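Let me begin by presenting the structure, written as structure tokens, before commenting on it.
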Amino acid sequence: MSGGRGTASGRKPKTRALVLIGFMGAGKSSVGHALGKLLDWQFEDLDERIERREQRTVPEIFRESGESEFRRAESAALKELLEQSQAGTRKVVALGGGAFAQKHNVRLIAEAKIPTLFLDAPAEELWERCRQQAGQQGIERPLLGTLDNFRDLYAARRPHYLRASFRLETSGKTADEIAAEVVQVLGLRKSGGNK
Ligand code: S3P
């Protein structure tokens, strides 16, 4: 685990929320679930909020209205989520792979003073996970494309992800192992522990 830009490594923020970022297949949702269970924090997947607000699935939004409309819906959902997270229960949030590549989203999260964690793994491993999830769970990702497109998009987005407060190598680790490491290194506490 390493601290990101401007963050002294080993610093343990007292946080009410944590935002997980990373490319498609990085395990943001499965790690988010595992963290939520470990900490007794609420888990929220931003894509699910978008689908509820828009009354359509993410692939439907892409198909019917295009990526720019999806990005608008994504930012609106993020803004709403961050406003709500100022009060109430502690929360771990998984963003979709493109959300942190949008400057205004990064600004919204920074203004909310919520730390971000980049779940990092090589493009080839992420590609394999996405292919498996498509085959076994029917998970459709509108921007999956070919391996070449996937690699190009990964390379374009990586500099954005590296601006996260923290980065964790996830290669070869299970969601539970990653969650345990995050709790330890970030010094997060179970709900009720330090309210
Ligand atoms: C996207 C990733 C998806 C979803 C949408 C766009 C992206 O989420 O938000 O299809 O731009 O990389 P996952 O990262 O959970 O696959």
Side-chain angles (χ1 to χ4, degrees), residues 4 13-62 69-102 104-120 129-130 133 137 139-143 157 160-161 163-168 170 174-176 178-183 186-195:
K14 282 210 177 88
T15 178
R16 298 200 65 80
L18 177 67
V19 171
L20 303 180
I21 66 156
F23 203 51
M24 291 176 266
K28 301 174 297 276
S29 299
S30 46
V31 171
H33 270 295
L35 263 174
K37 253 172 67 182
L38 260 186
L39 291 167
D40 208 10
W41 288 19
Q42 204 178 61
F43 167 67
E44 179 162 349
D45 190 316
L46 184 65
D47 280 346
E48 287 177 9
R49 181 179 286 249
I50 297 168
E51 292 183 339
R52 274 198 312 276
R53 285 168 52 97
E54 300 295 314
Q55 298 282 296
R56 296 184 284 175
T57 65
V58 168
E60 280 168 353
I61 302 171
F62 269 83
E69 175 56 21
F70 172 76
R71 296 297 167 206
R72 186 211 55 77
E74 183 175 56
S75 285
L78 178 65
K79 191 160 183 281
E80 180 185 79
L81 185 157
L82 292 171
E83 279 164 6
Q84 290 173 359
S85 69
Q86 293 305 318
T89 47
R90 293 175 181 189
K91 195 173 247 193
V92 68
V93 179
L95 300 192
F100 205 69
Q102 308 289 319
H104 46 280
N105 293 341
V106 176
R107 198 177 54 237
L108 286 175
I109 297 167
E111 281 168 3
K113 297 192 169 41
I114 295 177
T116 47
L117 170 63
F118 169 29
L119 299 178
D120 197 7
R129 283 192 215 159
C130 289
Q133 290 171 358
Q137 299 163 46
I139 294 180
E140 189 188 341
R141 288 184 161 96
L143 296 181
R157 291 209 180 138
H160 297 280
Y161 300 148
R163 296 200 169 95
S165 324
F166 299 93
R167 182 180 73 88
L168 177 64
T170 64
T174 66
D176 286 336
I178 296 166
E181 195 173 335
V182 173
V183 168
L186 271 68
L188 301 175
R189 307 261 189 88
K190 218 174 158 142
S191 273
N194 64 347
K195 264 182 183 164

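Note that the structure is a prediction, hence the values are computed from the model and not measured.
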* To do: Start with the C-alpha distance between R90 and L39, add both sets of side-chain angles, then the distance that settles side-chain contact (heavy atoms from CB on, under 4.5 Å), and finish with yes or no.
  => CA-CA 9 Å; R90 293 175 181 189; L39 291 167; over 6 Å; no
* To do: Any chance you could lay out the side-chain contact (heavy atoms from CB on, under 4.5 Å) test for Q84 and E44, step after step, and finish with the verdict?
  => CA-CA 12 Å; Q84 290 173 359; E44 179 162 349; 5.6 Å; no
Heavy-atom pair of closest approach, residues [X] and [Y]:
| X | Y | answer |
| --- | --- | --- |
| A26 | T170 | O-OG1, 4.4 Å |
| E74 | A99 | OE2-CB, 3.4 Å |
| M24 | L143 | CE-O, 3.6 Å |
| A34 | A175 | CB-O, 3.9 Å |
| S75 | L108 | O-CD1, 4.2 Å |
| A76 | R53 | CB-NH2, 3.3 Å |

* Can you list the steps and then say if I109 with L78 is a side-chain contact (heavy atoms from CB on, under 4.5 Å)? -> CA-CA 9 Å; I109 297 167; L78 178 65; 4.2 Å; yes
Would you give the length of the straight line joining atom [atom1] of [X] to atom [atom2] of [Y], rounded to the nearest 0.5 angstrom?
| X | Y | atom1 | atom2 | value |
| --- | --- | --- | --- | --- |
| D47 | E54 | CG | CD | 11.5 Å |
| E60 | E140 | CD | CD | 9.0 Å |
| R129 | S30 | CZ | OG | 7.5 Å |
| K190 | L38 | NZ | CG | 8.0 Å |
| F62 | R56 | CZ | CZ | 11.5 Å |
| Q102 | F100 | CD | CZ | 11.5 Å |

* Using 4.0 Å as the upper bound for N to carboxylate O, is an ion pair formed by E48 and R52? -> no
Side-chain donor or acceptor of [X] paired with backbone N/O of [Y] under 3.5 Å:
| X | Y | value |
| --- | --- | --- |
| W41 | R16 | no |
| E51 | V58 | yes |
| R157 | G97 | yes |
| Y161 | R167 | no |
| K91 | V19 | no |

Please tell me if the side chains of [X] and [Y] come closer than 4.5 Å, counting only heavy atoms from C-beta onward.
| X | Y | value |
| --- | --- | --- |
| R163 | V106 | no |
| V182 | F166 | no |
| V93 | L95 | yes |
| L119 | I178 | yes |

* To do: Determine, stepwise, if the pair L18 / L186 fulfils side-chain contact (heavy atoms from CB on, under 4.5 Å).
  => CA-CA 10 Å; L18 177 67; L186 271 68; 3.8 Å; yes
* To do: Could you walk me through whether F43 and H33 pass ring-ring contact (aromatic ring centres under 6.0 Å, His included), step by step?
  => CA-CA 6 Å; F43 167 67; H33 270 295; 4.5 Å; yes
